[in-house]
Structure formats: C-alpha cells, structure tokens
Participant: 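Mind looking over this structure? Questions follow.
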Amino acid sequence: MRVRELARRVLRVRLWQHVVNEEMKRGRYRIPIHAAFGHEALAVALDEAMEEGDQLALTHRNMAYQFARARAFEPVHREYLLQPAGAGGGRLGSMNLTQPGRGIVYTSSILGNNLPVACGLALAHKLRGTDAVVFALTGDGAMEEGAFYETLVFARSHRLPLVVVVENNDHSLASRIAERRSPIDLGKLAGALDIPCRELAGNELGSYLDAFVQARKQAAGGPVAMEAHVRTFCNHAGATPGWAADPRSLSLGAGLTIEPTSEDPAYGASLALGGEAAAFTESLLKLASGLSDAVEEAACPSR
Amino acid sequence: MSEPVKTTYLAAVNAALARAASAALDGTRPLVQMGENIDKGSRLCGLARNLPGVLTNIGNCELTHAGTGFGLMLNGVHCVLYVKQLDFLLLALDQMAHTMRLIRAHGAAPAAGFTIVAIVCDQGWQGPQSSLQTLHGICSTVRADGFSPVVRAEAERIVSKQLTRPGFRILAVSQRLFGAPALELPVLWESEDQGCFQFARGEDATVACFGFTQDSGAGLVARMAEQGRSASLFSLHAVAPHRWERIVDDARRTGRLIVLDSGGETLSPAHKLVAQALRAAPGIEVKTVTREDEERDAVGEDRFAPPLEELALCR
C-alpha cells in the first residue's frame, strides 16, 4: 500500500517537472533551472524516509527534491517565477532554493559546497543530542572535488549523523565519467575510511525506501555513503545519451514521458500501480491543464 | 628592582578569547572551538592555550572546516575556527564567498555566530609564501567583516563583542607582535560596528592605520610629539560599508593625512580612504605607505616598516 502511494507521488513529481519544462520551453523563467527527470524515485523515497528534524543539503539539480518535500507545485513554481509567494520568497530561485520548514536548509549551486555545510549541520545535531540525521546530496561530478573526500574524513572522524548520497548520472554537463576522469569506486573509497556504503539502482521504490531508512538508522553511529545510479535528462545541455527524448522537444500534449526501462522511475511507478496506472496518469494530465492555467495566472496576473 | 613583566600582545589576545569563550559557554547555545592542534603542541603558537570548554582538534582541510562552521551557525551553534595562517583561508574562499551570498539572500540573520580566528604570519621571515596579509581583500571578496586589532583595549573590545556575535567574521591576529608588549592606548572613540577606533586626537596630522600598523602609527605619533607636534590616531578594520567620515573630518581639520596599510592588496583600502579624503578636502596633504609600496623581492626581511622618522618630519 505504501509503495503505491509513493508511486503516485513519483508520477506527480514527474508531472510537475513536465509543467515546469513546458514553461522553460516558453521562456517563462528568468533564472537557470535544472530539471531532474529521472531522480523522482530517489526524491520521493528520501522524502518518505526523513523523520522530524532531519535536514537536507541539496545541489543545483534539486527540482525533484523540492517538489517531493513541498508535496505541492505552487510554492516551488512561484519561486521559479521569483514571486514573493515562492518557497524562498522569490529571492533564491532554483539553484539555491531552500525550504527550511520542510527540512531543506542549504542548497548550493557550487559543486561540493553543500557537503561541508552538511557536516556542520550534523555536528550541531550531535552536540544537541537530537536523533536527527542530515542527508547531503551530491553527484558524480562533485565527488571529484576535494570537499567530497574531506567531508567523508571529517564526518567519520567525528562520527556525524550524516548520509551522503551520490547521484551518479555518469555526466558532468556533456561529459561522461570515462571521458573526463578515472573511475571512482565509492564502496572502496568509503570502505577505506571505515564508512559503510550502499548502492541503489533500478528505481524500485520499496528497496529505495528501505535503503534510506536503513542508512538513516546506521547514521546514528556515523556517516553513511550511498551511490544511486540515475539517468538524468540534461535539459540545459541536450538530451542525455540513452534517453529517447530531449526535454526541449517534450510536450505534455503527448502525455507523461515514461520510458519503458527500469532506469525511468516513472516506469517503475507505473508498474507499481498496476491496473491503476492508466487512470491515475490520466487524472494527472487533467490536473496538468489546471496547473497550466494556474501557471498562466501566476505569471501574468493581469490577464 | 626588576621591572614588572608586561603583558604580551599574545597573552592579551589569548585572555580576551578565553573570556569571550567562557561567556559564550555560560549561554544557552553550544560552542564549538576547533583548530588544527588546538589542544596539542604549542596550541597554535599559544593562541588557544587555556581556552575553556571542549577544544576539537581537526585536520588540514580549511574549505570543509569553513563549511562546517557555517553549518553549525545555521543550526544555531556558535563556532570559532582557529587557523594557523591567514593564507590557509584561500582554500576556503569558495565556501566563504558563496555561502555568505546565500545567507544574505535568505534575509534572516543567523541566530549563532561563526568566527574564524586567523594568525597572520607578518613577522618578516616566513618566505615568499605563507605570509599573506590581505585580510581586506579576503573580506571584500567574501563580503564579511574582518578585524585586525593591535591595541590591547581594541583587541579586548573586539573579541568580547564579536567572537560569538550572530553572523560570520574573520578575526586576524599578528604573529609579529605575539611576543611584544601589548600596546596600551586609551580608546577615545569606537564606531558602533567596531570598524573604526580612535586612540588620540591631535592638531598637526591624522594617522589612519589599516592591517597591523597601529604600533607604527603610535610610533609615528610619539615621534611627532618629540618635535612638539600632535596627531590624531585611528585604527580601521575591514568592516563594510566603510564609515570613515570621522577620519575624513579629522584630516580636513589637521590638513594632513597619513595612511599606513600592511595588507598588501594592489588596491588597498588606503587608496579608497585617500580618494574619499581628497574629495572632501582637496587641499589636504596626503602620504600613504602601503605594503605594496614596501614589497621586497628578497626572501629575508619582509616586514612592513614604514619610514616613521621621514613621515614625522614631513611638511
């Protein structure tokens, strides 16, 4: 039952990203926005695993997490429009958007900068004796930064309640890992620092949720590393190799984009919903037209 | 009879840090004091000796330490990070500059304080590397306050007020002066933001000190006094926006402005003060001595040494 609800949330986050993508295509936003198609299952499972007081430190590609935590379209969308009613008061835009009330307390557009800050957040929890855990998201590009290694060392040295999640989409802008650096075996790297490491792939919501819940428990005794293999639509740099569609050519008019592969969380969510999937997707698309009207009203209130 | 032992600059700063830490520990917020060898060996040249509370020994990664300090501050925990050399903060520049931009954008002031206490290796024999003194440059890039106290009362007031004040700042101390007797001057006036201190009021010149030049400034005032002339003496810190009207007014009154800066920035704040003063009082005589003027190529003696005799005689 729980997985089915998570699956609905995944599809909802997919829809909301679609709507934003439509607005991006229309040039509605004045700010850079990084869609996170492909990250929805991670975002929803992490949102579900987080408990009261837990905190998130995000990267520039945070849209799926913003929607998953907000569980609503409008506050995030209005922020992208830089409106006072936005989740960040219209001051933060996309790459630095935080939602303190929903546990998102730091979001960095600078690769790796959120990791040391997450150490401080976690150290504060430890000093105060709370049970809270800090989740820090990063990517296969940011893990090349010194801050990544330093953060693991610092967090392990002080046994901080920190979970570092590497979203490995095999891309830094247009370059694949093999095109820019040597491979990094996170399991071995973390192991060398006596940090447990978990690997996620396949977008199976139940196992993702279980992994985050277990990592959260484990983090009470010190940091945990996780490497999640994701496939991202690189909306600002063209289509990701392997994806059929470039987000710039996507159209909601053609329905929700769902690739028939386990690398697409929306596909996994559809499978989890079984016979309900078609009707639910249909209801989302009806919702989309309402959202579009709301978008229009929000963007052009005088019309 | 032997003369009483004078308090050194290091001892005065150390005592002020200990008092401020103690006061913070009496409060409701936790305080993290961390630094490399903070509780080992020389304890950062003695700067961290006898500090109260828990001292956290950390490794060599200033970017991460700076980020950790910000994270603590954002979660309501005070943090004081001790750094052996100011130039180590270059590694943290990215973190400091960008996180400060984010904090300013958030609008709400942090509830806790984060102070980096950095030793400036200005003793003159450090070599071409490791003797960076550009506190103003760093603070300008980060858009954070910076303090470089030399006078004992100035150091005590700044440390007491700033160490755990909500928000972020850098407090720099001079290694050159560690063993020297603390400079005892009365504070005639200080600005609310502690960006400016006045120690003397005179009639014949206005002396403005940036960086760690307050002792040179005091020496200059003393030499002028030997010649029967008096000067006003100011100490200026890297606190923006710069509120220098009092110095400019004083320079207009005395007709002569002498600016000293040990920082070494190509565009020293001294130049900005001079420009401001000349706009307000075009007829005044101006003399500046900055580290840029004094820069030497040699590895050996490299300390800021303004020509005090010459400056005192000038006019």
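So that the names make sense, note that chain A is the first sequence line, chain B the second, and so on, each numbered from 1. Just so you know, these numbers use all the heavy atoms, side chains as well, and skip hydrogens, waters and symmetry mates.
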Participant: Does any heavy atom of chain A fall under 4.5 Å from the side chain of B:Val54, the backbone, both, or neither of them?
Facilitator: neither

Participant: Measure from the ring center of A:Tyr80 to the ring center of A:Trp16 and say whether it is less than 6.0 Å.
Facilitator: no

Participant: How long is the straight-line distance from CD1 of B:Ile138 back to CG of B:Leu89, given to the nearest 0.5 Å?
Facilitator: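 Result: 5.5 Å between the selected atoms.
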
Participant: First locate atom CZ of A:Arg91, then atom CG of A:Leu97, and finally report the distance between them rounded to the nearest 0.5 Å.
Facilitator: 11.0 Å

Participant: When heavy-atom pairs shorter than 4.5 Å are enumerated against chain A, which of B:Val77, B:Thr56, B:Asp94 gives the highest number?
Facilitator: B:Asp94

Participant: If the condition is salt bridge (Lys or Arg N to Asp or Glu O under 4.0 Å), which residues does A:Asp47 pass it with, not counting sequence neighbours?
Facilitator: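 With neighbours one apart ignored, the set is A:Arg9, A:Arg69, A:Arg71, A:Arg102.
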
Participant: Answer yes or no: is there an ion pair linking B:Arg49 with B:Asp39, defined by an N-O contact shorter than 4.0 Å?
Facilitator: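 Salt bridge flag = no for B:Asp39 with B:Arg49.
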
Participant: Considering only NZ, NE, NH1 and NH2 on the basic side and carboxylate oxygens on the acidic side, decide whether B:Asp145 and B:Arg165 come within less than 4.0 Å.
Facilitator: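 The answer is yes: the pair qualifies as a salt bridge.
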
Participant: Under a 4.5 Å heavy-atom cut-off, does chain B meet the side chain of A:Leu92, its backbone, both or neither?
Facilitator: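 Contact with chain B: side chain only.
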
Participant: On a heavy-atom basis, which atom in A:Leu193 and which in A:Arg156 lie closest, and how many Å separate them?
Facilitator: O-CG, 3.2 Å

Participant: Which class fits the ring pair B:Phe114 and B:Phe70: parallel under 30°, tilted 30 to 60°, perpendicular over 60°?
Facilitator: perpendicular

Participant: With a 4.5 angstrom heavy-atom cut-off, which part of B:Thr99 approaches chain A: side chain, backbone, both or neither?
Facilitator: both

Participant: Within the side chain of A:Arg61, is there an N or O that forms a donor-acceptor pair under 3.5 Å with the backbone of A:Ala35?
Facilitator: yes

Participant: Tell me the residues of residues 11-26 of chain B whose non-hydrogen atoms fall below 4.5 Å from those of chain A, in number order.
Facilitator: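 None at all.
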
Participant: Using 30° and 60° as the class boundaries, would you call the ring planes of B:His242 and B:Trp244 parallel, tilted or perpendicular?
Facilitator: parallel

Participant: Looking at B:Ala66, B:Gly76, B:Gly69, which has the largest count of heavy-atom pairs under 4.5 Å with chain A?
Facilitator: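 Highest number of heavy-atom pairs under 4.5 Å: B:Gly76.
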
Participant: If I measure from the heavy atoms of chain B, does A:Thr98 come under 4.5 Å with its side chain, its backbone, both, or neither?
Facilitator: side chain

Participant: Checking heavy atoms, do the side chain of B:Leu91, its backbone, both or neither come under 4.5 Å from chain A?
Facilitator: neither

Participant: For B:His106, which atoms come within 4.5 Å of any heavy atom of chain A: side chain, backbone, both, or neither?
Facilitator: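 Both backbone and side chain.
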
Participant: What residue, out of A:Thr151, A:Ile110, A:Asn96, has the most heavy-atom pairs lying under 4.5 Å from chain B?
Facilitator: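 Among the listed options, the one with the most contacts to chain B is A:Ile110.
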
Participant: Tell me which of these, B:Cys79, B:Gly59, B:Ala112, B:Cys61, has more heavy-atom pairs under 4.5 Å with chain A than the rest.
Facilitator: B:Cys61

Participant: Just say parallel, tilted or perpendicular for the rings of A:Phe212 and A:Phe135, cut-offs at 30° and 60°.
Facilitator: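 Geometry flag for A:Phe135 against A:Phe212: perpendicular rings.
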
